Structures are given as structure tokens and as C-alpha cells.
S.K.: 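Dumping the structure here so I can ask a few things about it.
For clarity, every value in this text was computed on a predicted model and none was experimentally measured. When reading the values below, keep in mind they use all heavy atoms of this one structure, side chains included, and skip hydrogens, waters and symmetry mates.
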Amino acid sequence: MDIRSNEADRTVLPLNPAKAAGLTRSGLVTSHCLVGASTRMKIEPVSIDFSDEQKRYLEGFTTGLQISRVGKGLSGNTARNGNAEPTGPDASHIKAQDRTITAGKKLVDQEKWKREEHPFDAYPRLREQAAADARPSPADNFRWRYYGIFYVGPTQDSYMSRLRIPNGIMKHWQLSGLADLSDELCGPFSHVTTRANLQMREIPPKNAVRLMEGIQDLGLCSRGSGADNIRNVTGTPTAGIDPQELLDTRPYAREWHYHILNDRSLYGLPRKFNVAYDGAGKIAVLEDTNDIAFAAVEVKDGFGVTPGIWFKLGIGGITGHKDFATDTGIIVKPEDATKVSDAIVRVFIDLGDRTNRLKARLKYVIDGMGMEKFLVLVEEKLGAPFTRIAAEALLPRPSFDRTAHIGVHRQKQDGLNWIGVVLPLGKMTTDQMRGLARIAADLGDGDIRLTVWQNLLIPGVKDANVSLAIAAIEAIGLAVKTTEIRAGLIACTGRAGCKFGNADTKQTATNIAEWCDTRVEVDTPINIHLTGCHHSCAQHYISDIGMIGARVQVEDSDDAVDGFHIFTGGGFGPQADVGQELYQNVRSEDAPVVVENLLKAYLANRASPDETFLAFSRRHDAASLRKLADEQVSA
């Protein structure tokens, strides 16, 4: 590098301003400006008199800096300047970002943050922040979600940790260990999520890394459970023990789980991504709400493919945006499921929108180009054509049981049962976590199985031990029986613990249950889902009665209070459809009475005792339902 000028033997210094910042005439003086979100700098030369010895020092110094930056991949990011092809596990993401920039578009902040520093390269700073009990910047708050920790300020001055539990199945000692960690490092409780997962909350910043590493010590992890990554892998909770299942989903969910964990190129997608496996067991997995839905089916003989059990492939589900996974007409050999998922994700990496977070999910890639063109690209990634088959080649799938996640149910193994435990909106105290772990170890097969219905199962309970297990569950303040309302009551974290929440979902759900249970005797399964915001973590659109949080203006005031928009008639599986909006801006305090009147209208006007709330609500338009509800008198 020639740092000498021909002008009066004065030196021109192309210094890196990040290194020279803060130095004065006694050292170095530079003028600079940042270019975009990358590390490229515009350097304006400043002439200063130096001795020959000083010049030689500075020449070696600046050359050393450049060499160091190249060694670390920081040399103005030549890959992004177009002077070199990006390489390494992040290459496909950088190329996708480069194409966006070349097209004259602007990356969203999250893409800029990933581009500036990959979250997995920032772990030392995460540890430093924990040591200093420091709160993260917005950029770091996004990065730390790659590690499964979420700073939830300003709602709470703490982190939340979301785990990864493939197929929702863990060992009893892992649940007990999490209870011990919770008592030591965060709030003394956990929540079962709608992805058959666990969340731990109220984590002081100083304890975030200790908790994360403690989770890993238990053989669990939280890696990639947030931000633009592939989320927890869900599967049939009764896999391997269900009398009606077509396929045990555990090995396929586990294979995909470890495939993700061990391939950095599968992190940093345009947006989050969900994959689910349904083995046709009694408990619904809601696979059709996922980006990729694998549903076990049995193929008949005589249709040109090997008869037997395959996965039916659905793509593009995102019910928060009012779409279920589209049935592609493709069947996949179960042993090829990981390859197919990998190919779909890599097409998404290439084509997903990195300029608009609201349009960045897989659904919008498919909407923009059409399903057939998308599938051609996936086949190119796979290196093989898909197997397509007519719908009449498939035998009917077994029906799910909307109550099979609660209570005692026979397993396929003689003399054994699973027991579905009722958790109040998914919450367990640490004492209850340890108690359930002990029951699973002493009276079950040692497994704990989480469901997407915010509860858990204890499998492997012998017939002779069922009564004892129930008594033990009741002794720790939980139950295996409940009302139809509470059995199908789902709520996300809501405003109490999420900055996006417009209403306190869990408290409102509790109020609805307490109010309605004493006033309405519902005798058929019903789902009531409360979600706090447009992200729809509680999937309000697919519920019999769905509620999404809203800020409701107080009359003659600038103030707003918690409230909800209310929908009816949503469904999943064979009855999949998005609910219709019935009410807008219902105050939280009024929600219990509104739900009560809807349930009373159903019981008073259903076509027969067997008609479900879903069928009843779909027989009426919104105006008719409101009229029937208004005719009811609250007790």
C-alpha cells in the first residue's frame, strides 16, 4: 500500500475511521461517513507532517489493519461490494440481500442488522451484556433472539426464553431441571405455548446467559427459536402410542430438528418459518397452519406409486394472514421429508421479501409467482421431480378427537394410558413442574409430552396406576377434567408480557372462563382463542370464537383501554376456514358477557343436540348471530 503523496512530501492516510475515532492531532485525524448499513467508509485524506520513522510506522499500521480486516471478512465487505462472490454458510443470504440492493430497494432494519453482524458471531458481546446486567439495543435484541432469548421491555424489564423441544417431547428430569433453573434465575413458572413448547419468563438481563447455558446442560436448547429462523418443530403429541395413528412422527421431527441445529445456512431467513408433522393421531397438530405441513396419509394400490403410508405436502400456511397451507397434490416418502423441507426453505431464502416484514413470509413468495412455478424451483433444489397423485388415491384419514388432549385415554400398548393434564392457559408453577416430572417418572414412562393446546400429557401410565396418578396430579393443584370452555381456552402472552399486545389476553381469558362456567353449561367441544396482536400466536382466526386484541377508545377521551375484535366460525383440519368478524372494539371488561350471550344463543338455537358451535355459527351470517346473541339475557 502506497501511503505517500507527491505533494510537499506530506502523507495521505486512508485510515479506518472505526479505528481512528476519537484521536486528535497528537495521533490521527480523519473525516468519514458511513455508507448504508455496511462497513464501507468514505475516507477523506487529511495531510499532516510526520517524520520518516512515523511514516514507516503508520504504513505498517494501516497495512496491518487492512490485512486483519480481510482475515476477518471485514475488508469493506468485498462480497457485498460485488468484487468477490460471497462464500460460507451465510452466502445465500448475502446474495439475496445484494440482489435486493442492486434492484434499488431498501433492506428492512432486521436485514441490515444481520448483514452488519451475524448474531452467532456476537456471543461474546451477549456475555458482556449479561455480566454488566445491561439491556440490549434494538439491534442486539433482535440478534439475541437467535439464541432464544427476547428482551420484552418496555412491558417488562426482563428477558423471555423460548426453548426448542422437537415433537414437544421431553424427559421428566428435563422438566424438573427447568423448574430448578427457574427458581434460581427467573420467574418461578413456565408456559406451554401453541407450538408445543415451553417459555420461561421474568429473566433479569444478568441471568440470561446462565439460563440459556443451563438449558443446554439439560440436553435442551433455545437456539433459533426466535427472529428469522425455523421455529420449534411440532408433531403428533401421541406419536408412537396412539391407537389410530398412521405414522410415528418422532423420528422425522427429530431429524429435521437436528438438521436445523447443525446448519448455520438455515438461520437468518427472510422471516420466521414453521414446519409440522401430523401422524393422524387423535390430537390435532394444526399442521395446516404451518409454512410446511406434512400429514400422514395411506395411498391405495393401483395408482402408479407404492401403496402405503406417505406424507401429503401442504405449503404456505399462515393463518394470521388468513391462509392455510395449500394442498399441493404431492406426496412425500417420510424418509425424504427433511430433504423436501430443506429445498423449500432454500427457495424461500433466495426469493423471500427482505424489504417488508409484513410481506416476508413464504405465502407471499407463492402468491407472487404461483404455486407451480414455486414447486419447479423446489424440484431444481431437490434434483428430482415430486410424486403427484390424485385425491382419490388416498384413503380417508382418521378423525381427530377434540377432547383427547384432556383426561385418560387408552394407548395402542395394552394396559397403558396417557393422561392429559389441564394447565390454566398453559401455566405451571415450578412446584407443579417438579410434581409432574415425579409423576411421569414414578407412574408413567418418564416422558412429558406437550401439545399445541397449551397443556401436557403423561404417557405410559398402567391401568392399575391411573387413579393414583390422577390423585397425585390433583394434589399439586392441577386436574385431568374440566369444563368444555376451559378445555378449549387458549391465550397468548398478551399485553402483560409482550410489547405487541393490545390487551391482557390471559387475564381476559380467565375472566371469560370464570364468568361463563357458572352461567352456561356447554356440552360440546368448543375452542375460544385470545390473541393479543396481528401476529396471531393464539391463532384466533381458526377458533370457534376468536378474539384479537385492540385498543378501544374511551368515549369523549384520548385514552384507550384493552379490548378485542371478536370472530366466530373458524376451524381447522377438515373444517379449516377463517372465522367471520362479529364484533369490533369490545372492551375486555365486557368480553365475558359477550361470550356468554353467544354460547347461550348457540344452545337455544342449535339444530340438534349434536350440532357443534362451529356448524351453528356457519349457518348464520354476522348480523343474524348478533341478533340471536342480543336476545339473550345475561345472568
S.K.: Are Asp183 and Thr430 close enough that a side-chain donor and a side-chain acceptor fall under 3.5 Å?
M.R.: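 Their side chains do contain a donor-acceptor pair, which is all the 3.5 Å distance test asks for.
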S.K.: Just by distance, with hydrogens left out, do Gln539 and Thr194 show a side-chain donor and acceptor under 3.5 Å apart?
M.R.: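 Per modelled atom types, Gln539 and Thr194 side chains form no pair under 3.5 Å.
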S.K.: Indicate yes or no for a side-chain donor-acceptor contact from Gln411 to the backbone of Gly460 under 3.5 Å, with no hydrogens or angles considered.
M.R.: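 Judged by distance alone, yes, a pair lies under 3.5 Å.
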S.K.: Do the two ring centres, one from His321 and one from Tyr364, sit under 6.0 Å apart?
M.R.: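 His321 vs Tyr364: aromatic centres under 6.0 Å.
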S.K.: Compute both the distance and the angle, then confirm whether Lys282 meets the cation-pi test with Phe400: under 6.0 Å from the six-membered ring centre, within 45 degrees of the axis.
M.R.: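 Here Lys282 fails the 6.0 Å and 45° test against Phe400.
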S.K.: Before you tell me yes or no, could you show the steps for Arg361 and Asp228 under salt bridge (charged side-chain N to carboxylate O under 4.0 Å, His left out), namely the whole-Å CA-CA distance, both residues' side-chain angles and the distance that decides it to 0.1 Å?
M.R.: CA-CA 10 Å; Arg361 293 291 295 273; Asp228 299 340; over 6 Å; no
S.K.: For Pro204, enumerate each residue passing the side-chain contact (heavy atoms from CB on, under 4.5 Å) test, keeping only those at least two apart in sequence or located in another chain.
M.R.: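 Applying side-chain contact (heavy atoms from CB on, under 4.5 Å) to Pro204 gives Lys206, Asn207.
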S.K.: For Thr234 and Asn167, test the side chains for any donor-to-acceptor distance below 3.5 angstrom and give the result as yes or no.
M.R.: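 No, because no side-chain N or O of Thr234 sits under 3.5 Å from a partner of the opposite role on Asn167.
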S.K.: Verify whether one side chain among Glu202 and Ser158 offers a donor that lies under 3.5 Å from an acceptor in the other.
M.R.: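 Distance-only check fails for Glu202 and Ser158.
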S.K.: Classify the side-chain pair Asp242/Thr238 by whether it contains a donor and acceptor separated by less than 3.5 Å.
M.R.: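 Looking only at side-chain atoms, Thr238 and Asp242 do form a donor-acceptor pair, the distance falling under 3.5 Å.
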S.K.: So does Lys95 pair up with Asp98, basic N to acidic O under 4.0 Å?
M.R.: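 Between Asp98 and Lys95 there is no salt bridge, as every charged N stays at least 4.0 Å from the carboxylate O atoms.
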S.K.: So does Arg434 pair up with Asp180, basic N to acidic O under 4.0 Å?
M.R.: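 Yes, charged N to carboxylate O under 4.0 Å.
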S.K.: When you check the gap from the basic side-chain N to the acidic O, do Asp577 and Lys322 get nearer than 4.0 Å?
M.R.: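 Looking at Lys322 together with Asp577, the answer is no, because their closest N to O distance does not fall below 4.0 Å.
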S.K.: Sequence neighbours excluded, which residues qualify as salt bridge (charged side-chain N to carboxylate O under 4.0 Å, His left out) partners of Arg231?
M.R.: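 Once residues adjacent in sequence are excluded, Arg231 has no partner under the salt bridge (charged side-chain N to carboxylate O under 4.0 Å, His left out) criterion.
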S.K.: Determine whether the aromatic ring centres of Tyr252 and Phe294 lie less than 6.0 Å apart.
M.R.: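 For Tyr252 and Phe294, the ring centres are not under 6.0 Å apart.
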